[in-house]
Number of protein chains: 2
Amino acid sequence: MTVTAPEVTKRRIGAESSETRALIIAATEMVIREEGYSAASTRRVALRAGLKPSLVHYYFPTTDDLLLAVFERGAAKSDEMIEAAIASGDPVRALWRFFSDDSRTALSVEYLALAIRRPAIRAKIATHSDAMRKQQVELFEQLLGARLNGPDGCPPAGLSVILAGIGRALFMESALGVSTGHKEATAWVDHWLDRLLPPTD
Amino acid sequence: MTVTAPEVTKRRIGAESSETRALIIAATEMVIREEGYSAASTRRVALRAGLKPSLVHYYFPTTDDLLLAVFERGAAKSDEMIEAAIASGDPVRALWRFFSDDSRTALSVEYLALAIRRPAIRAKIATHSDAMRKQQVELFEQLLGARLNGPDGCPPAGLSVILAGIGRALFMESALGVSTGHKEATAWVDHWLDRLLPPTD
DNA sequence: CCCGATGCTGAACACTAGTTCAAATTTTTT
DNA sequence: AAAAAATTTGAACTAGTGTTCAGCATCGGG
């Protein structure tokens, strides 16, 4: 007999499919949205979800496990939105709308902050960011190919960085309460996109 | 007798001019640089400076007081750098270099994060950001006035938002470990500035 | 009907943080 | 040198966090 697995006396963990588990993830996302990632402690999350802290740890042994799960869910949602944008009639502008969407950007900024301080999570977020960018590069290449080398042109990869960067800047400054120049920056992006990709009207 | 001031039995606070005070501020900035603003606790700062926690509180009754002082010092330094950029022969590119300077951007991103979660500090940071922007708008107006309305043009306020935004994006993504498209974005900015403001060579 | 798997709870431990304050120490003033 | 003022320290209190774990509850199948 004997043999079997040399399991290290694993602790019990709640099922992936559990409703409670989903509830915890949702509550965590809310907390992050409302109070920032640094408020996303297992205890606060528990309070928010109306559960006991130890139950949170039953589903997510460590806080990193929880945050990772939350990010994964968020990333999946964001991927869906991008897919939808790409599938739309005007993918570039849809993408720009995606980048300047406050609610999404709020989370993505929190994840970024999270990544910088949580090594365990950084890799996953970095990989996802990079994959998103590459996907966009391909899209831009197909869509704008010829035009990108014109005098107003911009390599696809640069375009992606620039749109994402401006979108994030607008959001972060708004959160701070600064908005000088935002109208102008937005108008410029619109204008630029119009030259790059004349509206088909 | 009596009368005098209705002082609320104020606690004693260390002198503004104290060396220890300066040391504490410097240590705090280091901690923020190396471990992020969330690591800037009075106790960690004390450890870092080789002092006792209570001494930190002698100079800065609350953590917000400390962070505010640190920000003020940082803002002053940043103002100096901007003044230097403006006084240089090529202010716009000097400013862009300022925005893409890693070491400065690192701090400014931390301050931004700080502001979003520390109401007591938000106002000061917001005011400073706005003042910086307005100063730049003026500069761009004087410098680029005519050209800004051309087909490639951009209102000065927009230009400031865009350069700051792209600079921050490049930094944050680098910190994360993502760099796809960075070369291209940087090259595009350089190219754009060249069209807007031909190098005087 | 019992039994094991699964879900959940309470209590506890170790640790970090902010803050206060009386007392000790050092420096400055007189 | 005595007195006053400024600086520094030690110890403590409060509060929050991550995490563990033994055990209670429940529930579906054998």
Side-chain angles (χ1 to χ4, degrees), chain A residues 4-5 7-28 31-32 34-70 113-114 117-121, chain B residues 4-5 7-28 31-32 34-70 113-114 117-121:
Chain A
T4 62
E7 294 287 338
V8 211
T9 53
K10 248 188 207 140
R11 202 152 111 239
R12 257 153 75 224
I13 293 183
E16 288 266 331
S17 59
S18 154
E19 265 176 48
T20 308
R21 194 178 187 273
L23 200 164
I24 293 171
I25 291 182
T28 309
V31 170
I32 290 180
E34 291 166 14
E35 310 173 63
Y37 83 93
S38 59
S41 66
T42 49
R43 289 178 126 113
R44 252 221 254 275
V45 165
L47 196 71
R48 177 71 198 230
L51 304 172
K52 307 299 157 98
S54 25
L55 190 50
V56 173
H57 282 282
Y58 172 61
Y59 287 97
F60 305 95
T62 73
T63 307
D64 277 345
D65 291 330
L66 171 59
L67 293 173
L68 219 47
V70 173
L114 194 59
R117 299 300 157 205
R118 292 263 186 176
I121 302 187
Chain B
T4 62
E7 294 285 339
V8 210
T9 52
K10 246 187 208 144
R11 203 152 110 239
R12 248 140 89 242
I13 293 183
E16 289 266 332
S17 59
S18 154
E19 265 176 48
T20 308
R21 193 177 188 275
L23 200 164
I24 293 171
I25 291 182
T28 309
V31 170
I32 290 180
E34 291 165 15
E35 309 174 62
Y37 84 93
S38 60
S41 65
T42 49
R43 288 179 125 114
R44 252 220 254 273
V45 165
L47 196 70
R48 177 72 197 230
L51 304 172
K52 307 298 156 94
S54 24
L55 190 50
V56 173
H57 281 283
Y58 172 61
Y59 287 98
F60 306 96
T62 74
T63 307
D64 277 345
D65 292 329
L66 170 60
L67 293 174
L68 219 47
V70 173
L114 195 59
R117 297 302 160 203
R118 292 263 186 175
I121 302 187

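Proteins come first, then strands; the chains are lettered A, B, ... in the order of their sequence lines, and each starts at number 1. A quick note: this is a predicted structure, and the numbers were derived from the prediction, not measured.
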Taking donor-acceptor contacts at under 3.5 Å, does the side chain of B:Arg12 reach the base of D:dT7? yes
The correct set of residues in residues 45-56 of chain B placing a heavy atom under 4.0 Å from DNA chain D is B:Lys52, B:Ser54, B:Leu55
Against the side chain of B:Thr63, the closest entry in D:dT17, C:dG18, C:dT20 is C:dG18
Rounded to 10°, the angle between the first-five-pair and last-five-pair axes of the helix from C:dC1-D:dG30 to C:dT30-D:dA1 is 10°
**Asked** Any salt bridge between B:Glu34 and B:Arg48, counting N to O under 4.0 Å?
**Response** yes
What about A:Arg43: does its side chain form a donor-acceptor pair under 3.5 Å with the base of D:dG18?
yes
Applying a 4.0 Å non-hydrogen cut-off, can you work out what B:Ser18 is touching in the nucleic acid: base, sugar-phosphate, or nothing? nothing
Between the CG atom in A:Leu68 and the OG1 atom in A:Thr62, the distance rounded to the nearest 0.5 Å is 8.5 Å
In whole angstroms, the gap separating C1' of C:dA17 from CG of B:Asp65 amounts to 16 Å
Only residue of A:Ile13, A:Leu66, A:Thr20 satisfying side chain to side chain contact (heavy atoms under 4.5 Å, CB included) with A:Tyr59 is A:Thr20
Result for 5'-nearest mapping on DNA chain D, choosing between B:Ile13 and A:His57, is B:Ile13
**Prompt:** At under 4.0 Å between heavy atoms, what does A:Tyr59 touch on the DNA or RNA strands: base, sugar-phosphate, or nothing?
**Reply:** sugar-phosphate
Check the phosphate of D:dT17 against A:Thr42, side-chain N and O only, distance under 4.0 Å to OP1 or OP2. Yes or no? no
Out of C:dT19, C:dC8, D:dT8, minimum distance to the side chain of B:Tyr58 belongs to D:dT8
